[in-house]
K.L.:
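One structure coming up, written as structure tokens, with questions to follow.
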Amino acid sequence: MSEPAKTPASNFVRQIIERDLADGKHSVIKTRFPPEPNGYLHIGHAKSICLNFGIAEDYQGGCNLRFDDTNPEKEDQHYVESIQRDVSWLGFHWDGAVRYSSDYFDQLHGYAVELIEKGLAYVDFLNAEQMREYRGTLTQPGRNSPHRDTTVARNMALFQQMRDGQFKEGECCLRAKIDMASPIICMRDPVIYRIKFAEHHQTGDKWCIYPMYDFTHCISDALEGITHSLCTLEFQDNRALYDWVLDNISIPCHPRQYEFSRLNLEYTVMSKRKLNTLVQEGFVSGWEDPRMPTIAGLRRRGYTPSAIREFCRRIGVTKQDNVVEMAALESCIRDELNETAPRAMAVLDPVKVVIDNYPTGVLEQIESPRHPNKPELGSRTLPFGRELWIEREDFREEANKHFKRLVLGGEVRLRNGYVIKAERVDKDADGTISCIYCSYEPESLGRDLPDGRKVRGVIHWVETTTAVAAHFNLYDRLFSVANPGAEDDFRTVINPQSLVVQQGFAEPSLASAVASEPYQFERQGYFCRDCSNEQALVFNRTVALRDTWAKLADKA
RNA sequence: UGGGGUGUCGCCAAGCGGUAAGGCAGCGGAUUCUGAUUCCGCCAUUCCCAGGUUCGAAUCCUGGCACCCCAGCCA
């Protein structure tokens, strides 16, 4: 696109950064994107990615990619690979090597020992249920664990035994000694290390104790010299613990955490747990199913990195809860593809047309522009002959004035071709139209009718002997309600029409279409070839064209 | 009912005491060999509510109300 790059929208995070820069608090900005490798990235992550990497770019700073991998049971190397692929595909570059929280396990362990030495952490033997009871409730303070006053020396020995694998999972854990009466629940002596005899995708079997998020994240940020640690709203309470940890260990750096609201999109779900359910239970073909709100799904659907970035720019960054309409996303990809996608013709639900007065056995080649408003995109050749496929819904035996397509006895323009007139039809035994017989106006190619008569409608078509058979995957919203997450069981509101497969024909130039190359099938929408099938010609509909006619209640 | 947050057009979202940006959606109309695109025009006397301060308030104060998050050895 030739338009000047859109300026990034300012937001409260950027204002904080600009202030910190102006005050001299920081001279270089450092952010990080810290996913847990327990699933694929989705459009909500794209918001965070655009924020973190966008800030690094715009303020000449850096952004780390760090896998927050402190729970080996839920994580997998496959996800760390998919995440790197998706971040790169979105067009961002992380600063230096990929980082892992697990890179810091030794240091984290050292800081845990420091807390124990300072009398600020203890090994507790309460089981999960007891710990919940001791924690109190939202309105009642908690009570101290009977193990809270164990001596430093004893705690040191116990923690060493935990590390040495001398306790069973769940038998004990390490807790920070803060305040069981704190109104902030996560400050009531939070667990900071627990026992897990699990193989870790990065550290193998080196450890049987793993640090918790709240203990790990702040220290990892500090170790990496992060200046602004940006996360979502649900971590607002955790900020107190983030600061407590850094204030109580000997570490020179204290990053500041700021929270913004996560993205919610209508008619889909955004939690990894729910997306995982859709994959595991076969409601979709996988994380890359084009109906998924994942980056990989959107990519296969035909979305581009720039359209996703533009979407993130448009929605902004605030602390307000939000539910963005699907139309906002769709408008981003339409705006881009309208400029970049070459036009082509494909008939998704074909019915045959025979032009009685067109010579048999003749094929003429019609040179047609690839883009109506961009001659620089060149042209392609369209074969035209006596028999064509047109869209079944583009013909009616009779219709009122609103129907601008082919009607018995009426005329219509074949896109890039001649004007034809429907004369009669053949029908199957069940009444289905099997063939439409037409006549054509030989003087109408590339010009108006000789007598100045106006033809109101234009329909697309393909010539039968040269057309290539193709499958078209027509995608629609995955759920039939705007907020599926609010249902008792979101699986019950999956849209049964979320994928409709049609068999039709495409113009010959499409036989060599490659995945990732977009097309506009005129009057239908934007499509791209599916990447999963090299042999068969399969197209995914990225998004339909805007259709104001379909919205009219009184259409023909 | 403890603590932490948020309330500006149907949906996002600017605004930071000087008299309500923009985008999406919608609605008119023009152009059009895509019912697309493009183009022109319309779309918050009002900012959750009620008081107060001020020459002046969406912005400051007081009091309400609504919604979201927190009681994992998840992140």
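Each chain gets a letter, A, B and so on, in the order the sequences are listed, and its residues count up from 1.
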K.L.:
So what does A:Thr70 touch, heavy atoms closer than 4.0 Å: a base, only the sugar-phosphate, or nothing?
P.N.:
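A:Thr70: backbone/sugar contact only, no base atoms under 4.0 Å.
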K.L.:
Looking at A:Glu73 and A:Lys196, is there a salt bridge between them, counting it only when a charged N and a carboxylate O are closer than 4.0 Å?
P.N.:
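The answer is yes: the pair qualifies as a salt bridge.
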K.L.:
May I ask which nucleotide in the shown strands pairs with B:A30, Watson-Crick or G-U wobble, both distances under 3.5 Å?
P.N.:
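Here B:A30 is engaged in a pair, and the nucleotide opposite it is B:U38.
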K.L.:
Indicate syn or anti for B:G29, taking the glycosidic torsion and treating anything within 90° of 0 as syn.
P.N.:
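It is anti.
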K.L.:
Report the base-pairing partner of B:A50 (Watson-Crick or G-U wobble, both distances below 3.5 angstrom), or none.
P.N.:
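WC or wobble partner is B:U62.
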K.L.:
Whole angstroms only, please: what is the CZ-P distance between A:Arg541 and B:U34?
P.N.:
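Answer to the nearest Å: 20 Å.
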K.L.:
Under 3.5 Å between N/O atoms: give me all the protein pairs with nucleotides 20-26 of chain B, atom names plus distance.
P.N.:
residue, atom, partner, partner atom, Å
B:G26, OP1, A:Lys551, NZ, 2.2

K.L.:
Paired with B:C16 by Watson-Crick or G-U wobble geometry, both distances under 3.5 Å: which nucleotide is it?
P.N.:
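Partner of B:C16: none found under 3.5 Å.
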K.L.:
What nucleotide among B:C12, B:G5, B:G2 has an atom nearest to a side-chain atom of A:Pro183?
P.N.:
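Of the options given, the side chain of A:Pro183 lies nearest B:G2.
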K.L.:
Salt-bridged, A:Asp448 to A:Lys454, with N to O below 4.0 Å?
P.N.:
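A salt bridge links A:Asp448 with A:Lys454.
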K.L.:
Which nucleotide wins on minimum distance to the side chain of A:Tyr213, given the candidates B:A75, B:G5, B:C12?
P.N.:
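The listed nucleotide nearest to A:Tyr213's side chain is B:A75.
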K.L.:
Of all the nucleotides listed (B:C33, B:G3, B:G35), which has the minimum atom distance to the side chain of A:Arg413?
P.N.:
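Looking only at side-chain atoms, A:Arg413 lies closest to B:C33.
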K.L.:
Rounding to the closest angstrom, what is the interatomic distance between B:G7 and B:A30 at atom C1'?
P.N.:
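The answer is 41 Å between these two C1' atoms.
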